[in-house]
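Structure, as structure tokens:
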Amino acid sequence: MTDSLKNLKLVNKNAFQHDLIEWFSNEQRDLPWRKDKNPYKVWVSEIMLQQTRVDTVIPYFNRFIEQFPTINDLADAEEEKILKAWEGLGYYSRVRNLQSAVKEVKEKYGGKVPDTKEEISTLKGVGPYTAGAILSIAYGVPEPAVDGNVMRVISRILSIWEDIAKPSTRKTFETAIYELISHENPSYFNQALMELGALICTPTSPSCLLCPVREHCHAFHEGVENELPVKTKAKKQRQVQLAAVVIRESEKTVIHKRASSGLLANMWEFPTVEVTSPFMFDKSYVEALMMEELGIEVKLGQAVGKIEHVFSHLKWDIQVFDGVLKAPIKEDENLKMVSPEEIVEYPFPVPHQKIMKQFYNEE
DNA sequence: TACTCGTGGTT
DNA sequence: TAACCAAGAGT
């Protein structure tokens, strides 16, 4: 693994830093989280940007900061509100961890985001990348912030052939960045690597002729920029068959809150059960499951449609039924009857938003 | 380590 | 269309 950094000492460090930072100074995108270096805003942006595209994040970031302008505002918010603000972004534990961490900053650090690697890394949801990003961008600390962009860019610059899909590989790149990072401007150095990965040094067909650090790039000189980075393939999603019911009772419908851990934790949904093998979508079977698992006595009507939704690791195939209650539900924290006006206040995952749109709200 | 955890845009 | 991809972290 040390051998994969054999080109590290061959890089003209000062020239590389200069070319990279100069390019970023001139070409960086105008993004809302780049307006100031407020550690809280930097933090929020970095959590949102995890595995999520810039264009997707922008409107969420603006709304989130407007709704929760400070650490105190977020710390004091109801979980339902923060999940609603995150609705549609995915990876919902990110925002629950963020609020948990923000509460800790409020209580243990007097509301000031920690500025050391050791302290900030103890916060929920702040891993090696996010710690380095906040420290370098908000506080000017020369720590690496190794994300997918950085691994791709540096794998090409240094011609590193380690598999970037393996968790242990990140350390190789951190070692490289510790050596290469500008101590005069660690913020721009880290952001420039990511910006370069996003705009120039893209996964397929990188624009090497436009690259400000082309002359420092070993992969370009060896003509192997399209072979790097090495990344093993992800395995296919597992299929899950679900039955959901849209219950109509005098202009209202029944919604259910999911478990507090696991997939889509604490999000709301139309009553849903997983069905397996032979009896797949048999109505009386689904009715029995609804009673056993959710305590809902429902009479299923027509199968009104089908929703398909692909997650990173599984695929939902939802058969949607119409239905009416055979007996009133016992409303509690996790089971409610709501009107069309009320339902919009609850956070729903996208597949159930699709159900709402197609089979409940829409005419 | 390998798996879990979302979503939407690209190829 | 299916696969791939995007500023990862928790377990």
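Within every chain, numbering begins at 1; the chains are lettered A, B, ... in the order of the sequence lines, protein sequences first and strands thereafter. Since the model is a prediction, treat every value here as computed from it, not as a measurement.
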(request) Can you tell me which residue pairs pass the salt bridge (Lys or Arg N to Asp or Glu O under 4.0 Å) test with a partner in residues 182-211 of chain A, sequence neighbours excluded? (result) A:R29-A:E195, A:R34-A:E195
(request) Taking only the side-chain heavy atoms of A:S168 (C-beta and beyond), determine which of C:dG8, B:dT1, C:dC5 contains the nearest atom. (result) B:dT1
(request) Kindly state each residue pair satisfying side chain to side chain donor-acceptor pair (under 3.5 Å) with at least one member in residues 52-69 of chain A, sequence neighbours excluded. (result) A:T52-A:R94
Taking only residues two or more places apart in sequence or in another chain, which ones pass side-chain hydrogen bond (donor to acceptor under 3.5 Å, both in side chains) with [X]?
{"X": "A:N334", "value": "none"}
{"X": "A:N7", "value": "none"}
{"X": "A:E119", "value": "A:T116"}

Look at all strands and tell whether [X] reaches a base, only sugar-phosphate, or nothing, counting heavy atoms closer than 4.0 Å.
{"X": "A:K124", "answer": "sugar-phosphate"}
{"X": "A:W316", "answer": "nothing"}
{"X": "A:R170", "answer": "nothing"}
{"X": "A:S45", "answer": "nothing"}
{"X": "A:V54", "answer": "base"}
{"X": "A:R258", "answer": "nothing"}

(message) Between A:R258 (side chain only) and A:L263 (backbone N and O only), is there a donor and an acceptor less than 3.5 Å apart?
(response) yes
(message) Tell me whether A:E269 contacts the main-chain N or O of A:K257 through its side chain, where contact means a donor paired with an acceptor under 3.5 Å.
(response) no
Taking [atom1] from [X] and [atom2] from [N], how many angstroms apart are they, rounded to a whole number?
{"X": "A:Q237", "N": "C:dC4", "atom1": "CD", "atom2": "C1'", "answer": "10 Å"}
{"X": "A:I47", "N": "C:dA9", "atom1": "CD1", "atom2": "C1'", "answer": "9 Å"}
{"X": "A:K166", "N": "B:dA2", "atom1": "NZ", "atom2": "P", "answer": "7 Å"}

(message) Contact list please: residues 173-197 of chain A against DNA chain B, heavy atoms, distance less than 4.0 Å, in numerical order.
(response) none
(message) If you define the side chain from C-beta out and look only at heavy atoms, does anything of A:I355 sit under 4.5 Å from A:V246?
(response) yes
(message) For nucleotides 3-11 of chain B, give me one character per nucleotide, 5' to 3': B if any protein heavy atom sits under 4.0 Å from the base, S if the only such contacts are to the sugar-phosphate, - if neither.
(response) SSBBBB---
(message) Can you list, by chain and residue number, the hydrophobic cluster partners of A:L228 when the side-chain cut-off is 4.5 Å?
(response) A:W161, A:V224, A:V230
(message) Going by the rule ring pair (Phe, Tyr, Trp, His ring centres under 6.0 Å), which residues pair with A:Y188 if we only count those two or more places apart in sequence or in a different chain?
(response) A:F24
(message) Going by ring pair (Phe, Tyr, Trp, His ring centres under 6.0 Å), name the residues that satisfy it together with A:Y91, two or more places apart in sequence or in a different chain.
(response) none
Considering only the [atom1] atoms, how many Å lie between [N] and [M], rounded to the nearest integer?
{"N": "B:dC3", "M": "C:dC4", "atom1": "P", "result": "16 Å"}
{"N": "C:dT1", "M": "B:dG6", "atom1": "P", "result": "25 Å"}
{"N": "B:dC5", "M": "C:dC5", "atom1": "P", "result": "22 Å"}

(request) Within residues 23-30 of chain A, find the residues that approach DNA chain C with a heavy atom at under 4.0 Å, and present them sorted by residue number. (result) A:R29
Identify each donor-acceptor pair in which a side-chain atom of residues 203-214 of chain A lies under 3.5 Å from a protein atom, sequence neighbours left out, and give them as a table.
from   : atom 1 : to     : atom 2 : distance (Å)
A:R214 : NH1    : A:C208 : O      : 3.3
A:R214 : NH1    : A:L209 : O      : 2.9

